[in-house]
Every structure is written in C-alpha cells, then in structure tokens.
Protein chains: 2
Amino acid sequence: MTTTPARPRAAGRPGATSHAAIEQAAFGLFAERGFAGTTLDDIAAAVGVGRRTLFRYYRSKNDIPWGQFDRTLDDFRRILGSTAPDLPLWEAVHHGVVRFNEFPGDARPGHRERMELILGTPELQAHSALRYAEWRAVIAEHVADRLAVSPTDLLPTTVGHVSLALALAAYDAWMRDPSRSLAGLVDEAMRGLRAHLAC
Amino acid sequence: MTTTPARPRAAGRPGATSHAAIEQAAFGLFAERGFAGTTLDDIAAAVGVGRRTLFRYYRSKNDIPWGQFDRTLDDFRRILGSTAPDLPLWEAVHHGVVRFNEFPGDARPGHRERMELILGTPELQAHSALRYAEWRAVIAEHVADRLAVSPTDLLPTTVGHVSLALALAAYDAWMRDPSRSLAGLVDEAMRGLRAHLAC
DNA sequence: GGTCGTTGTGGCCACGGGTGCCAATAGCGT
DNA sequence: ACGCTATTGGCACCCGTGGCCACAACGACC
C-alpha cells in the first residue's frame, strides 16, 4: 500500500551539516592556514559541529579534499560504458579519460583549487594513491570487459596504470600552466607517448 | 700528513643500533602482528633502544619498510646513465627499468617480502607515492638529458609516469604469481602496451 | 688520566588524527 | 504522549610525531 519510496525514507534526527558545508569551510581554512596548519577542531568549529561528527561525513581528514569521489567514479564508469564498441580499445579508453577530465567552464576554478591542494600537499599526494587505485580499477574492468579476460590480468592492469600515468602527467603540466586545457594536455601526453614508443 | 680519510672520521658516542638491525626486528614483528598492529614501542623494545631513537634512523614508521631508498635511487641513476646512447630512448629507459628490477637470486626472498608488505598495506601504498615521485624524477631527468629539454616538460614527466605504471603493473602481477620473474613481467607489460597502442 | 668537543641517546611532554562507546537529541508515525 | 530511529557529540584512549634537553660514550689533546 505504501508507495514504496525510492529513498529509504527519512526518519530520526536530521543531519546537522552536509558535505558541501564541510568542504566549503574546510577549503577556506586550508587556503588561509594550509592543510597541515588546519586542525579538525578548527574545521568542526567553523562548521559549527562536533569534531566527532566530521568523521561521519569523511573517513579521515585526508578524504575531505577528495569530496565524494565514489560518485565521480560512477560517472567515469558511465562514460567508459558509453564509448563506441567499434572504436579501437585504446582510443575508447583514451577518449573516456579525456572526457572524464572535461569540466564545464564554471566548475573549473573549484576543480583547479582542489587539485592544487591535493597535488601540492605531500600528505594528500600520498593519500591519493588509494583513490587512484579505485580509478584504475574502473579502467581495468572496462578493458577486461571488452577483451573478455579477468580485470586482474596483466593487460587490463597495465592499461589502468598507464592511463593514470598520462592523466597525472597532464595534471602536473596543468599545475605549471593553468592556461592550457586539461583535456588537451591528456591528449598531448598520449601523442607524446605514442611517438616515444615509435607508434 | 694525515691520509685525509674519505669518511668524515668517527667521533662521539657510537650508535646504539643500525638500519639493518631495526629492519630485521621490524620485519619480524610486521610478519607476526601486521604493520598496523605493531607499534613503534614494540619495535624499539625489540631492538633494545628508545622509541625516540628510531626517528633518528627513519623519518617515520612508514619509511622503515623502504629502507634506505636514496641509495637505491643512486644505483638507478647509474644504470640509466650507462645505457648505450645510440639505443632509441624508449628502449634505453625500458632497459634501465628492467635492469633496476633484476635481483640476484639470494636477494629475491627479502625483496619479495618487502614488496608484499608495501603493496599489501594501505598506509604503505599511500606513503609509497612519495618514494615513487623520486623514482620518476630520476627517469624524467635522464629523458630530459637525452632530449636536451627541461625535466619538468610534458614528455619527460610522461615517460616517468608511464615507466612507473609499467613497473607497478608488473609488481601487481608478481604478487599474484611469484613464479614469474619481475624483469620478465616488466617486459611483458611493455609488449602489451605497445600492442595495445598499435605500435 | 683528566678535560673538552663531538655525536648519538632517550626520557618527557605536548599535539593532533583516529576510534569505540554511549547518552542525549530531534524528527517521524501511531 | 509514546516509542522508533538516525544522528549527534562528548569522553576516554591509542598512537605517530616533533621539540627540548640532560646525559652518555667516544677520540683527541694536554
């Protein structure tokens, strides 16, 4: 009889904050005092919430700059899944990576600020390895699917690692030259690699 | 008149332990109770030294499994420097990476144990990103040298990232199948990549 | 063999991230 | 009004890390 709501239904005490509110407060403080110079107490105070509560929204301090990356990975899966199946595999994957890194003009500054923080802070560089592993797995699964092999085989994991390599090289360059487009840099990195390997 | 000793001369109180002793004790405990399950107090007690002293030998707990990687990087630099200058660049780099990962038979078990720990422990996977960056820089410098460009240009950094990608894919496979040779896997990863990119 | 400079040691303390526990809270449906 | 339930947030505690500093042990030199 109940209309079986899609969402599990909202019962119990309402949340005191949101991911968006936390990230906004946190990024403000990071910009002011640096990542290491900002304590979780600072952030909690700025959000107006208990320190303990922060851990209910993010697993760790290091996770805050990444936001809800899980969702982003779902998008990535969808992008790869919608590439033309008759495109050569390497082009499909490359295309997916390029599209994944295309941001609408107004989302740019935010994304850049986020990546500057992540790529410029050693603790975060290290932590990011864990996020990258999830990203690589998405690629490996797509490659394994198209080749009908296991995602843990050498080729799918290799393509995952190499795709990440190109993306990170592009980000490195983007940090040095903000005027370039990220997608263009990923493209250029791929062209450079193919020339390097004498394709 | 003094024979101007190469080493700066040993004065002052002698060290109470050594890197080797610490690593041996630490690896034993890690194998027993896991990395996270081993505290620095445990290690210090096992070595018979104050906890504070451990930080004089390693910058952090995470650095213990990596040993003195700086030295290893010096070797790597030497290996790359001694590749034939008439070899195509990509082959020279690839060759260097392969040789860097060739271990004499008796060094194998130790190296494998070390890498199993590093690659199988999330905290260490994350921390390793910092070591990898140094490793990549060695490659980027070599490539930049041979091409007479800056090490921060897109191509050198791309080659650095991609070389690391191949090495890590090979290590992933090695973890799954210890019977394969690491060098052979790096080689196979490269062949797979070139085929993938239709070289 | 005492004194001095040098170098490594290790205890103490403070800070900050992270976790388990649990009582308090605030909406919902009945 | 009452219970149900999800969320909050305080408290205690562990552990890695770094600053500080007194102290130990050696070589050198007188």
Side-chain angles (χ1 to χ4, degrees), chain A residues 1-22 25-26 29-30 33-66 117 121-128 130, chain B residues 1-5 7-22 25-26 29-30 33-66 68 117 121-128 130:
Chain A
M1 291 304 148
T2 56
T3 50
T4 48
R7 288 94 54 96
R9 178 194 60 147
R13 178 174 175 167
T17 182
S18 65
H19 287 90
I22 293 176
L29 292 171
F30 293 157
R33 331 179 186 175
F35 182 78
T38 305
T39 70
L40 287 174
D41 280 312
D42 293 339
I43 301 173
V47 181
V49 89
R51 189 178 71 119
R52 195 67 184 71
T53 297
L54 292 183
F55 287 102
R56 298 235 164 67
Y57 287 80
Y58 297 93
R59 267 171 306 176
S60 71
K61 183 186 181 189
N62 286 339
D63 278 307
I64 297 179
W66 278 97
L117 180 62
T121 309
E123 308 94 284
L124 294 178
Q125 283 171 29
H127 181 73
S128 302
L130 305 176
Chain B
M1 290 309 143
T2 55
T3 49
T4 49
R7 287 93 53 95
R9 178 195 59 144
R13 176 174 176 168
T17 181
S18 66
H19 287 91
I22 293 175
L29 292 171
F30 293 157
R33 330 178 186 176
F35 183 78
T38 305
T39 70
L40 287 174
D41 279 313
D42 294 339
I43 301 174
V47 181
V49 89
R51 192 174 65 121
R52 195 68 185 69
T53 297
L54 291 183
F55 286 101
R56 299 234 164 67
Y57 287 80
Y58 296 94
R59 267 172 306 177
S60 71
K61 182 186 179 186
N62 286 339
D63 278 308
I64 297 178
W66 277 98
Q68 334 79 318
L117 180 62
T121 309
E123 306 95 285
L124 295 177
Q125 282 170 31
H127 181 72
S128 302
L130 306 176

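Within every chain, numbering begins at 1; the chains are lettered A, B, ... in the order of the sequence lines, protein sequences first and strands thereafter.
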- Message: Can you measure B:Leu54 atom CG to D:dT17 atom P for me and round it to whole angstrom units?
- Response: 11 Å

- Please state how far atom CD1 in B:Ile43 lies from atom P in D:dT17, giving the value in whole angstrom units. 10 Å

- Message: Under 4.0 Å from OP1 or OP2 of D:dG9: is there any side-chain N or O of A:Thr53 that close?
- Response: yes

- Task: Look at the side chain of B:Arg59 and the base of D:dG16, then say whether one donor and one acceptor between them are separated by less than 3.5 Å.
- Result: no

- In whole angstrom, what separates A:Leu29's CG from C:dG16's C1'? 16 Å

- Round to a whole Å and report the spacing from OH of A:Tyr58 to P of C:dG17. 16 Å

- Quick one: is D:dT8 close enough that its OP1 or OP2 comes under 4.0 Å of any side-chain N or O from A:Tyr57? yes

- Under the 3.5 Å rule, do the base of D:dT17 and the side chain of B:Arg51 count as making a donor-acceptor pair? yes

- Item | Toward the 5' end of DNA chain D, by each residue's nearest nucleotide, B:Arg56 or B:Asn62 | B:Asn62

- Task: May I ask you to test the A:Ser60-A:His127 pair for a side-chain heavy-atom distance under 4.5 Å?
- Result: yes

- Any side-chain heavy atom of B:Ile43 sitting closer than 4.5 Å to one from B:Ile64? yes

- Just how far, in rounded Å, is P of C:dG16 from CZ of A:Phe55? 13 Å

- Base D:dG27 to side chain B:Arg13, donor-acceptor N/O within 3.5 Å cut-off: no

- Quick one: B:Arg52 CZ to D:dA24 P, roughly how many Å, whole number? 18 Å

- Query: For A:Ile22 and D:dT7, what is the distance between atoms CD1 and P respectively, to the nearest whole Å?
  - Reply: 13 Å

- Message: Using side-chain heavy atoms (C-beta onward) and a distance below 4.5 Å, is A:Trp66 in contact with A:Leu124?
- Response: no

- Please give, in whole Å, the distance from D:dC15 P to B:Lys61 NZ? 9 Å

- Within the distance-only criterion (no hydrogens, no angle test), does the side chain of B:Tyr58 pair as donor or acceptor with the backbone N or O of B:Ile22 below 3.5 angstrom? no

- Evaluate whether atom CZ of A:Arg59 has more than 12 neighbouring non-hydrogen atoms of other residues, nucleotides or ligands under 6.0 angstrom away. no

